[in-house]
Q: 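Provided herewith is a single structure, encoded as structure tokens, for subsequent inquiry.
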Amino acid sequence: MTHSHEDDAVDALLRRQFEGAVPDDGFCDRVMQRLPARPRRRAWPLWSGIAAGAAACALSLSSTPVFHLGWRDWVGGELSAPAIALLLALAGMSLLAMCWSLAEADGS
Amino acid sequence: MADSAAEARVDRALVVRVLLDDDRRAFEQLVRRHQGMVRAQLRRLLHGDEAAADDIAQEVFLLAWRKLDQFRGDAAFRTWLYRIAWSCFLQAQRRKSVLADDADEVEPPAAPAHPVDLQLDFERALRRLSDAEQAVLLHCVQLGLSHEEAAFVLAMPLGTVKSHATRGKAKLKSWLAAWHAETAQENPA
């Protein structure tokens with residue numbers, strides 16, 4: 001008996017030993033009867049968190065002179081150091097939000 | 001291969017319908033498509049205890065319904081179900097506190113009296129393998145999963161799956177060879 005022939009024999013016996021798929025016999029109906037309502041993902045905790053984070057960020061920035069200077073220069077069209085810092089911070093936050101959105105979209 | 005890819009696409013489409021539209025009919029189709037093999041897997045794992053296997057199978061599909069948003073599509077849907085079934089089976093075993101026999105210490109089974117007994121004796125021989133070897137052979141040979149898929153289902157490293165498969169088959173082969181030798185001696189041509 002060759003090695004591969006023995007392998008085939010064992011595989012064949014194993015497959016023969018396996019009865020295969022079990023007929024439904026009402027199993028599916030029993031499962032469907034027991035199925036609870038689908039848990040819904042609530043959106044409000046996410047939006048509350050985003051709003052709270054944005055409020056905390058605005059509150060802490062409102063007391064810093066860099067924010068005021070940057071905002072004033074940006075509105076006035078002057079590309080000063082505080083305006084660039086403000087733009088970079090906004091760009092960084094947008095980038096993070098974009099990465100997060102892409103990761104979520106990829107996972108769903 | 002093309003068939004299994006098409007099957008996987010249908011499964012994914014049904015999963016999307018359940019997740020987006022809360023479509024119970026789509027889930028019902030998923031249950032109908034996969035209940036047969038999941039129940040067969042559990043019956044083998046439970047050595048033919050049909051009632052216990054069906055109880056666990058129900059638990060598997062209820063869990064799949066609740067956790068469907070965790071199905072990422074990296075593995076085939078049936079493989080994902082087999083994995084849930086395997087973990088439910090392990091939990092049930094832990095609840096029962098059934099201790100596994102150490103198959104390495106068991107003597108090889110006696111040769112079957114007649115060739116017709118081979119099927120029965122092969123079943124007994126199969127049960128003398130370690131739990132891990134039985135599980136690997138069930139998933140790789142009987143359920144037709146690849147080694148990688150079996151590793152995912154059983155949460156085992158790929159190398160461990162391969163070595164369990166090789167060792168399990170080698171044991172069965174040696175027992176088969178012994179049977180052949182004994183029957184040849186008993187019935188010389």
Side-chain angles (χ1 to χ4, degrees), chain A residues 1-54 93-108, chain B residues 16 18-20 22-25 27-44 48 50 53-54 57-62 64-70 72-73 118-120 122-123 125-126 137-138 140-144 168-177 180:
Chain A
M1 202 181 268
T2 64
H3 180 75
S4 63
H5 188 81
E6 282 180 344
D7 260 352
D8 290 347
V10 169
D11 281 6
L13 278 169
L14 279 166
R15 290 201 187 96
R16 210 185 309 160
Q17 206 69 21
F18 185 58
E19 297 84 357
V22 178
D24 189 300
D25 288 335
F27 174 84
C28 186
D29 293 335
R30 287 197 295 277
V31 170
M32 293 312 290
Q33 278 165 14
R34 286 188 56 194
L35 222 56
R38 222 179 135 58
R40 290 201 163 276
R41 192 185 278 183
R42 293 190 182 101
W44 67 263
L46 177 69
W47 291 109
S48 309
I50 290 172
M93 285 197 290
S94 306
L95 200 66
L96 283 174
M98 187 189 73
C99 291
W100 183 35
S101 308
L102 285 175
E104 283 290 315
D106 191 38
S108 64
Chain B
V16 169
V18 177
L19 290 177
L20 293 183
D22 205 3
D23 188 342
R24 291 170 85 95
R25 287 194 165 211
F27 188 75
E28 189 176 348
Q29 281 189 55
L30 285 169
V31 179
R32 284 198 196 283
R33 286 164 66 81
H34 296 286
Q35 61 82 26
M37 288 306 277
V38 170
R39 287 163 76 200
Q41 173 203 20
L42 287 164
R43 283 185 186 189
R44 287 301 307 179
E50 296 181 8
D54 281 6
Q58 279 204 23
E59 200 182 316
V60 168
F61 284 104
L62 292 174
W65 168 255
R66 283 207 304 272
K67 309 263 179 194
L68 201 61
D69 53 351
Q70 290 175 18
R72 299 279 174 183
L118 185 63
Q119 198 74 10
L120 267 176
F122 188 73
E123 175 70 41
L126 205 54
L137 289 180
L138 164 67
C140 289
V141 183
Q142 296 177 313
L143 294 174
K169 281 187 188 179
K171 282 182 192 171
L172 291 173
K173 257 187 276 184
S174 70
W175 294 336
L176 272 180
H180 277 293

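Order of the sequence lines fixes the chain letters, A, B, ..., with proteins taken first and strands second; residue numbering starts at 1 for each chain.
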Q: Which heavy atom in Asp24(A) sits nearest to a heavy atom in Arg32(B), and how many Å separate them?
A: OD2-NH1, 3.4 Å
Q: Where the side chain of Glu123(B) meets the backbone of Gln17(A), is there a donor-acceptor pair that is under 3.5 Å apart?
A: no
Q: A side-chain contact here means heavy atoms from C-beta on lying under 4.5 Å apart; do Gln142(B) and Leu137(B) qualify?
A: no
Q: Regarding Glu59(B) and Arg30(A), does a basic nitrogen lie under 4.0 Å from an acidic carboxylate oxygen?
A: no
Q: If we define contacts as heavy-atom pairs under 4.5 Å, which of Glu50(B), Gln35(B), Arg44(B) has the most with chain A?
A: Gln35(B)
Q: What part of Ala53(B) lies closer than 4.5 angstrom to a heavy atom of chain A: side chain, backbone, both or neither?
A: neither
Q: Among Arg24(B), Gln41(B), His34(B), Met37(B), which residue forms the greatest number of heavy-atom pairs with chain A at distances under 4.5 Å?
A: Arg24(B)
